[in-house]
A.B. asks: 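For reference, the structure I am asking about is given below.
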Amino acid sequence: FFSLCAMPPKKKQKTCEPQWESQDGDDWNAYPAEDSAMLEKEYQNLMASKSKAKKLFSTTKLSFNKGYDTQYEFDFGAMTQKNCDSKTVRKIRRVASDDDADAGNDASKDSSSSTDKDYQWSWKDDNGLFAPFYDEDNDFIEKAYQNDKTAIFKTTGLSFNAKHKTPYEFDFAKMTQFNTESGNTRTLQRGAKAKAWDTTGYGIKDKSTPPVAAAAAAASGADSGGKSDLSPPDYWTPRKADVDLVPIDLKSKEATDVLKSFHATIKRKVTVHSLTRIQNHALWPFYALTRKSLADKYKGDPNEKMLFHGARVRANMDAITNFGFDMRVAATGLYGVGIYFAVNASYSDSGYVFQNTDKSKEMFICRVTCGKHVPGNSALRRPPPKDPKVPTGELYDSVTDTGKTPIMHIVFNNAQAYPEYILKYT
């Protein structure tokens, strides 16, 4: 007697060998199946060898060479085929398949290993920023990469492509992704995966909030009912804790108003599951004080916007919810080392928001006081001066991307943004 539970799981059978191809002008032509299988066998044998010698294989047994006995030399290091009679050299490539990506990882290359899981694949968008692939696609691409770092990997299996089945080619040597239908090529990047931030001393919460708020409230003049410019919005519910997470009825006017911009800019069919208001009583006064300061500076108009923001890690979403934004976790940025917010929900949705295991996503909808802004650049760690001739003079309040109509706003002051809502959707 034995338990079926004790039996090791069957390995997935490899159903499709990688295809070998040779280049003829701008075209890539597949070798006949028997030739491709022979090349794959020799490739595997040579690549498994620990010898430092060139990975060369010579043969006269190619199917198209019958009756000629011309010798062909294959260099698997340079990925070339040489006709030893004519001296003609052609480029060759090994095209991996979806099955090859799944089956080609033995125990030593299991994609669940911590080493493989630490890597994040991203694609370069039209604005020059790298958008991360979501976990399912990221792990899928990493599997193919670990299986053969020199291969051209062809697939229709990306999650965002499920309905279209467009063939994509990943060239790991050139680090490019090619859409075979549209002809678009995008640059790829493989780097460290986002991790939870160290939240020691994070944000602006608990930074002597009562004295600051009290002094500012006194300066702004509270009304007879105790309301001031720093008081929470009237639509907030009575305080129960330092941070109250309040579910919003999706049929309410508040939800309709808040989600109007989301639906207008998400650019795909979505289902909204929940909208949660963040009532952070310690954080709000800092934002309100900054907004009032800019309103006073610009004759009542602080240029406040409702913008979108994402965090790929749950712990980082929790940090923003509880402590607000913090410049110290910003490391790089195409338009400045700051805190980035998107005008269009589709931009955040493309790779910057948290994705649950059930494929639902969560996005912040934030109040951002932008004030006066100007296009930024990667060297900035604060807004540039309004007069370049006076570098110590008055600064702009925020920066944007370099487009005629900004699609993102970047602030360098934690208190210029408040995460007011968490939206869950699929």
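These numbers were taken from a predicted model, which means no experiment stands behind them.
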A.B. asks: Parallel under 30°, tilted from 30 to 60°, perpendicular over 60°: which one fits the rings of Y168 and F170?
C.D. replies: tilted

A.B. asks: Going from CD on E169 to NZ on K174, what distance comes out if it is rounded to the nearest 0.5 angstrom?
C.D. replies: 10.5 Å

A.B. asks: Under 3.5 Å, side chain of N414 to main-chain N/O of M327, donor-acceptor pair present?
C.D. replies: yes

A.B. asks: Could K149 and Y145 be counted as a cation-pi pair, given that NZ or CZ must be under 6.0 Å from the ring centre and within 45° of the axis?
C.D. replies: yes

A.B. asks: Could you work out, with salt bridge (charged side-chain N to carboxylate O under 4.0 Å, His left out) as the rule, every residue matching D24, not counting sequence neighbours?
C.D. replies: R90

A.B. asks: Is the count of non-hydrogen atoms from other residues, nucleotides or ligands lying under 6.0 Å from K386 atom NZ greater than 12?
C.D. replies: yes

A.B. asks: May I ask you to decide whether R94 forms a salt bridge with D148, counting only side-chain N to carboxylate O separations under 4.0 Å?
C.D. replies: yes

A.B. asks: Keeping to residues at least two apart or across chains, list the ring-ring contact (aromatic ring centres under 6.0 Å, His included) pairs with something in residues 255-275.
C.D. replies: F262-Y425

A.B. asks: If we ignore hydrogens and angles and just use 3.5 Å, is the side chain of Y68 paired with the main-chain N or O of F64 as donor and acceptor?
C.D. replies: no

A.B. asks: Identify, with sequence neighbours excluded, every residue that meets side-chain hydrogen bond (donor to acceptor under 3.5 Å, both in side chains) alongside Q355.
C.D. replies: none

A.B. asks: Less than 4.0 Å between a side-chain N and a carboxylate O, is that true for D135 and R312?
C.D. replies: yes

A.B. asks: Search all heavy atoms of V374 against all heavy atoms of P384 and return the closest pair with its distance.
C.D. replies: CG1-CG, 3.5 Å

A.B. asks: Begin with the C-alpha distance, continue with both residues' side-chain angles, and end with the deciding distance and a verdict on side chain to side chain donor-acceptor pair (under 3.5 Å) for S63 and D35.
C.D. replies: CA-CA 7 Å; S63 61; D35 295 341; 2.7 Å; yes

A.B. asks: Listing request: all ring-ring contact (aromatic ring centres under 6.0 Å, His included) pairs with a residue in residues 347-388, at least two apart in sequence or in separate chains.
C.D. replies: Y347-Y352, H373-H409

A.B. asks: Suppose we screen for side chain to side chain contact (heavy atoms under 4.5 Å, CB included). Which residues come up paired with D257, at least two apart in sequence or across chains?
C.D. replies: K253

A.B. asks: If we only count heavy atoms from C-beta on, is the F140 to L158 side-chain gap below 4.5 Å?
C.D. replies: yes

A.B. asks: Within the structure provided, determine whether H281 and V243 are in side-chain contact (heavy-atom separation under 4.5 Å).
C.D. replies: no

A.B. asks: Find out whether T321 and I422 are in side-chain contact, i.e. whether some heavy atom of one side chain is under 4.5 Å from a heavy atom of the other.
C.D. replies: yes

A.B. asks: Do NZ/NE/NH1/NH2 and the carboxylate oxygens of K61 and E34 come within less than 4.0 Å?
C.D. replies: no

A.B. asks: Might you point out which heavy atoms bring Y287 and Q416 nearest each other, and give the distance in Å?
C.D. replies: CE1-O, 3.4 Å

A.B. asks: Partners of N184 by side-chain hydrogen bond (donor to acceptor under 3.5 Å, both in side chains), sequence neighbours excluded?
C.D. replies: S182

A.B. asks: In Å and rounded to the nearest 0.5 Å, what is the OG1 to CG distance from T276 to D244?
C.D. replies: 12.0 Å

A.B. asks: Hey, does D296 have a side-chain heavy atom less than 4.5 Å from the side chain of K292?
C.D. replies: yes

A.B. asks: Between the side chains of K389 and D387, is the shortest nitrogen-to-carboxylate-oxygen separation below 4.0 Å, so that they form an ion pair?
C.D. replies: no

A.B. asks: Using the side chain to side chain contact (heavy atoms under 4.5 Å, CB included) criterion, which residues pair with D358? Sequence neighbours excluded.
C.D. replies: N356, S360

A.B. asks: Does a side-chain N-to-carboxylate-O contact under 4.0 Å join K359 and E136?
C.D. replies: yes

A.B. asks: Quick one: list whatever passes side-chain hydrogen bond (donor to acceptor under 3.5 Å, both in side chains) with Q71, sequence neighbours left out.
C.D. replies: none

A.B. asks: Is the distance between the ring centroids of F341 and F325 under 6.0 Å?
C.D. replies: yes

A.B. asks: Using modelled atom types only, decide if a donor and an acceptor are shared between the side chain of S398 and the backbone of V411 within a distance under 3.5 Å.
C.D. replies: no

A.B. asks: I'd like to know if R382 and D397 make a salt bridge, using a cut-off of under 4.0 Å between side-chain N and carboxylate O.
C.D. replies: no

A.B. asks: If a pair satisfies salt bridge (Lys or Arg N to Asp or Glu O under 4.0 Å) and one of its residues is in residues 268-283, list it, with sequence neighbours excluded.
C.D. replies: E254-R277, R268-D349

A.B. asks: Spell out, as yes or no, whether a donor-acceptor pair under 3.5 Å connects the side chain of N377 to the backbone of Y335.
C.D. replies: no

A.B. asks: Starting at OH of Y43, measure out to CZ of F74 and round the result to the nearest 0.5 Å.
C.D. replies: 14.5 Å

A.B. asks: Going by salt bridge (charged side-chain N to carboxylate O under 4.0 Å, His left out), name the residues that satisfy it together with E73, two or more places apart in sequence or in a different chain.
C.D. replies: none

A.B. asks: Is the backbone N or O of I365 less than 3.5 Å from a side-chain atom of H309, with the two atoms forming a donor-acceptor pair by type?
C.D. replies: no

A.B. asks: Is there a donor-acceptor contact under 3.5 Å from the side chain of D85 to the main chain of T70?
C.D. replies: no

A.B. asks: Specify the closest pair of heavy atoms between A255 and L275, including all atoms of both residues, with the distance to one decimal.
C.D. replies: CA-CD2, 3.9 Å

A.B. asks: Taking K87 for its side chain and C84 for its backbone only, find out whether a donor-acceptor pair lies under 3.5 Å.
C.D. replies: yes

A.B. asks: Check whether the side chains of Q81 and Y31 place a donor and an acceptor atom closer than 3.5 Å, and report yes or no.
C.D. replies: yes

A.B. asks: Would one find more than 12 heavy atoms of other residues, nucleotides or ligands at under 6.0 Å from atom NZ of K55?
C.D. replies: yes

A.B. asks: Just how far is it from atom CD of Q189 to atom CZ of F133, taken to the nearest 0.5 Å?
C.D. replies: 11.5 Å

A.B. asks: Counting C-beta onward and ignoring hydrogens, is there a side-chain heavy-atom pair between T290 and N413 closer than 4.5 Å?
C.D. replies: yes

A.B. asks: Might you confirm whether atom CZ of R381 has over 12 heavy atoms from other residues, nucleotides or ligands at distances under 6.0 Å?
C.D. replies: no

A.B. asks: Is it the case that K82 places NZ or CZ above or below the six-membered ring of Y72, under 6.0 angstrom from the centre and within 45 degrees of the axis?
C.D. replies: no

A.B. asks: So which heavy atom on G351 is nearest to which on P132, and how close?
C.D. replies: O-CD, 3.2 Å

A.B. asks: Tell me whether N316 contacts the main-chain N or O of A311 through its side chain, where contact means a donor paired with an acceptor under 3.5 Å.
C.D. replies: no

A.B. asks: Would one find more than 12 heavy atoms of other residues, nucleotides or ligands at under 6.0 Å from atom NZ of K297?
C.D. replies: yes

A.B. asks: Could you work out, with side-chain hydrogen bond (donor to acceptor under 3.5 Å, both in side chains) as the rule, every residue matching T402, not counting sequence neighbours?
C.D. replies: none

A.B. asks: Does F130 have its ring centroid less than 6.0 Å away from the ring centroid of W121?
C.D. replies: no

A.B. asks: Kindly indicate whether the side chain of K361, heavy atoms from C-beta on, has any atom under 4.5 Å from the side chain of T426.
C.D. replies: no

A.B. asks: With sequence neighbours left out, what residues match Y418 under ring-ring contact (aromatic ring centres under 6.0 Å, His included)?
C.D. replies: W284

A.B. asks: Could you check whether any side-chain N or O of D137 sits under 3.5 Å from a backbone N or O of S159, counting only pairs where one atom can act as donor and the other as acceptor?
C.D. replies: yes

A.B. asks: For a quick check under 3.5 Å, do Q177 and T185 share a side-chain donor-acceptor pair by atom type?
C.D. replies: no

A.B. asks: Any side-chain to backbone donor/acceptor pair from D401 onto G403? Under 3.5 Å, distance only.
C.D. replies: yes

